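Here is the structure we will look at, set down as structure tokens.
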Amino acid sequence: MSFSGNVKEELSRDQGCDRHCRIAELAALLGLCGSVVISSRNEYRIKIHTENFAVARKVFTLIEKTFNIDADISIRRNMATGNVSCSVIVRRHSDALRILQATKLVEEYRDGFEEIRIVNPLIVQQPCCRRAFLRGAFLAAGSMSDPSKAYHFEIVCSAETMAEQIKNLICGFSMDAKVVQRKKSYVVYLKEGDQIVDILNIMEAHVSLLELENVRIVKEVRNEVNRKVNCETANLKKVVSAAVAQIDDITYLRDTIGLHRLPEELEETALARLSNPDASLKELGEVLSPPVGKSGVNHRLRKISRLAEKVRQERGGLS
């Protein structure tokens with residue numbers, strides 16, 4: 001199962017303690033993956049559709065626990081793709097009306113809308129209800145990327161006003177949610193790892209939160225190791241390039257004017273470099289007699305380099 005699927009499975013097992021929170025969660029589920037059919041006799045029937053069995057189970061349990069209503073569950077499998085779709089259906093008008101009245105959605109559906117545009121603010125008045133609503137919204141229309149690959153959390157809405165309301169609810173918990181239009185839908189999303197940890201905490205997906213934190217720790221350690229390796233590799237390349245240039249200068253002086261014409265300390269350093277082409281400046285200084293510090297060796301090699309450049313220019317002028 002994907003990480004997103006694991007989060008939904010965990011959230012589906014949380015039935016909530018308070019009735020007002022269960023109503024808020026059900027309002028989100030009804031609003032984002034539900035529809036209401038109004039008959040010619042002006043009678044209501046509710047249908048909540050999902051492709052996640054855990055979500056369907058959660059909807060069924062919320063309705064039963066909150067309203068003592070036995071809803072019907074319809075499960076269908078697409079023979080071509082193998083995908084399963086579930087529908088939770090409340091067929092009786094009186095039962096559907098009770099749910100719509102409790103979730104403050106009667107007015108929204110009075111004209112036969114197939115999706116809601118906004119949830120009544122009374123439903124999400126308390127912080128605990130806002131948490132429950134966001135939990136329901138994610139169960140209904142949310143997804144998350146695998147945190148080992150990327151950090152991305154989103155809830156897809158068909159109405160822009162609903163997307164803005166969800167964004168504002170998330171931002172009310174000190175996060176920076178944004179909305180982007182994707183074809184005919186509006187997507188509320190978070191992309192920062194810290195904020196995705198926060199939204200999991202808000203939705204009370206604590207097991208998934210710990211799993212995400214473990215992934216983040218592994219990624220941070222791996223990134224730190226990669227940074228150090230890259231830094232050491234860059235330093236090694238720099239040392240090798242410098243040593244190659246130094247050997248080139250020393251070889252040029254040896255073949256033109258002879259190393260014996262250099263001052264004694266420069267000749268010793270030049271011969272040491274030729275004998276130890278892979279040595280660092282510190283290691284090179286330790287083979288000299290007496291030993292010379294890193295800065296002292298660097299100073300001598302720079303003098304050799306300047307002398308080699310001077311000889312090149314002089315011989316270039318003579319030619």
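Values below: all heavy atoms of this structure, side chains included; hydrogens, waters and symmetry mates excluded. What you are looking at is a predicted structure, and each value in this text was computed from that prediction instead of being measured.
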With clusters defined by side-chain heavy atoms of hydrophobic residues (ILVMFWY) lying less than 4.5 Å apart, directly or transitively, does [Y] cluster with [X]?
{"X": "Val207", "Y": "Leu139", "result": "no"}
{"X": "Leu212", "Y": "Val218", "result": "no"}
{"X": "Ile69", "Y": "Leu62", "result": "yes"}
{"X": "Val180", "Y": "Ile199", "result": "no"}
{"X": "Ile155", "Y": "Tyr189", "result": "no"}

Mind checking whether [X] and [Y] have side chains closer than 4.5 Å, heavy atoms only?
{"X": "Glu268", "Y": "Arg300", "result": "yes"}
{"X": "Val37", "Y": "Tyr44", "result": "no"}
{"X": "Glu154", "Y": "Arg182", "result": "yes"}
{"X": "Ile170", "Y": "Ile202", "result": "no"}
{"X": "Phe173", "Y": "Leu134", "result": "yes"}
{"X": "Lys191", "Y": "Phe153", "result": "no"}
{"X": "Arg312", "Y": "Glu314", "result": "no"}
{"X": "Arg76", "Y": "Ser74", "result": "yes"}

Practice item. Kindly determine whether Gln165 and Val119 satisfy side chain to side chain contact (heavy atoms under 4.5 Å, CB included), including the steps that lead there. Key: CA-CA 8 Å; Gln165 186 180 31; Val119 168; 3.6 Å; yes
May I ask you to decide if [Y]'s main-chain N or O and [X]'s side chain share a donor-acceptor pair within less than 3.5 Å?
{"X": "Asn298", "Y": "Lys294", "answer": "no"}
{"X": "Arg131", "Y": "Met203", "answer": "no"}
{"X": "Asp18", "Y": "His20", "answer": "no"}
{"X": "Glu9", "Y": "Ala54", "answer": "no"}
{"X": "Asn276", "Y": "Ala279", "answer": "no"}
{"X": "Ser145", "Y": "His152", "answer": "yes"}
{"X": "Glu164", "Y": "Ile166", "answer": "no"}
{"X": "Arg135", "Y": "Leu11", "answer": "no"}

**Request:** Report yes or no: do Ser12 and Arg57 form a side-chain donor-acceptor pair below 3.5 Å?
**Result:**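 A pair is found: one side chain offers a donor N or O, the other an acceptor, under 3.5 Å apart.
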Please check if any side-chain donor atom of Glu51 sits under 3.5 Å from a side-chain acceptor atom of Ser85, or the reverse.
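The criterion, which ignores hydrogens and geometry beyond distance, is not satisfied for Ser85 and Glu51.
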Q: Decide yes or no on salt bridge (charged side-chain N to carboxylate O under 4.0 Å, His left out) for Glu309 and Arg306, but give the supporting numbers first.
A: CA-CA 5 Å; Glu309 184 61 27; Arg306 288 195 293 268; over 6 Å; no
Got more than 12 heavy atoms from elsewhere within 6.0 Å of [atom1], [X]?
{"X": "Glu264", "atom1": "CD", "result": "no"}
{"X": "Arg45", "atom1": "CZ", "result": "no"}
{"X": "His206", "atom1": "NE2", "result": "yes"}
{"X": "Glu265", "atom1": "CD", "result": "yes"}
{"X": "Asn226", "atom1": "CG", "result": "yes"}
{"X": "Lys167", "atom1": "NZ", "result": "yes"}

task: Verify side chain to side chain contact (heavy atoms under 4.5 Å, CB included) between Met144 and Val7, making sure each step is shown before the conclusion.
output: CA-CA 9 Å; Met144 292 182 63; Val7 174; 4.1 Å; yes
Within this structure, what is the [atom1]-[atom2] distance for the pair [X] and [Y], rounded to the nearest 0.5 Å?
{"X": "Asp249", "Y": "Ser305", "atom1": "CG", "atom2": "OG", "value": "4.5 Å"}
{"X": "Glu192", "Y": "Tyr151", "atom1": "CD", "atom2": "OH", "value": "10.0 Å"}
{"X": "Asn201", "Y": "Ile196", "atom1": "CG", "atom2": "CD1", "value": "14.0 Å"}
{"X": "Arg91", "Y": "Asp70", "atom1": "CZ", "atom2": "CG", "value": "13.0 Å"}
{"X": "Leu29", "Y": "Thr103", "atom1": "CG", "atom2": "OG1", "value": "11.0 Å"}
{"X": "Leu274", "Y": "Thr251", "atom1": "CG", "atom2": "OG1", "value": "5.5 Å"}

Shortest non-hydrogen contact from [X] to [Y]?
{"X": "Cys21", "Y": "Ala132", "value": "O-CB, 3.3 Å"}
{"X": "Ala177", "Y": "Gln195", "value": "N-OE1, 4.4 Å"}
{"X": "Ala96", "Y": "Val90", "value": "N-CG1, 3.6 Å"}
{"X": "Ile75", "Y": "Ile73", "value": "CG1-CG2, 3.9 Å"}
{"X": "Ile257", "Y": "His260", "value": "O-CE1, 3.9 Å"}
{"X": "Ala28", "Y": "Ala137", "value": "CB-N, 3.4 Å"}

List the residues meeting side chain to side chain donor-acceptor pair (under 3.5 Å) with Lys178, not counting sequence neighbours, and say none if there are none.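 Lys178 satisfies side chain to side chain donor-acceptor pair (under 3.5 Å) with Asp176 once adjacent residues are dropped.
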Kindly give the cluster partners of Val225, where membership spreads through any ILVMFWY side chain lying under 4.5 Å from a current member.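 In the cluster with Val225 are Ile217, Val221, Val229.
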| Which residues, ordered by chain and number, are linked to Val244 in its hydrophobic cluster, where ILVMFWY side chains connect at heavy-atom gaps below 4.5 Å, directly or through other members? |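 Besides Val244, the hydrophobic cluster comprises Leu236, Val240, listed by chain and residue number.
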Compute both the distance and the angle, then confirm whether [X] meets the cation-pi test with [Y]: under 6.0 Å from the six-membered ring centre, within 45 degrees of the axis.
{"X": "Arg19", "Y": "Phe67", "result": "yes"}
{"X": "Lys8", "Y": "Phe138", "result": "yes"}
{"X": "Lys58", "Y": "Phe53", "result": "no"}

Quiz prompt | Check ion pair Arg216-Asp194 (N to O, under 4.0 angstrom) | solution =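 Salt bridge flag = yes for Asp194 with Arg216.
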Practice problem: For side chain to side chain contact (heavy atoms under 4.5 Å, CB included), just list the numbers for Tyr252 and Val311, CA-CA rounded to whole Å, side-chain angles, deciding distance to a tenth of an Å, and then say yes or no. | Solution: CA-CA 9 Å; Tyr252 178 76; Val311 173; 3.7 Å; yes
Q) Could you go step by step and tell me if Asp146 and Ser148 meet the side-chain hydrogen bond (donor to acceptor under 3.5 Å, both in side chains) rule? A) CA-CA 5 Å; Asp146 183 344; Ser148 63; 2.8 Å; yes
Fill in: Tyr186 and Met162: CA distance, side-chain angles, deciding distance, side chain to side chain contact (heavy atoms under 4.5 Å, CB included) verdict
CA-CA 9 Å; Tyr186 297 87; Met162 172 61 88; over 6 Å; no
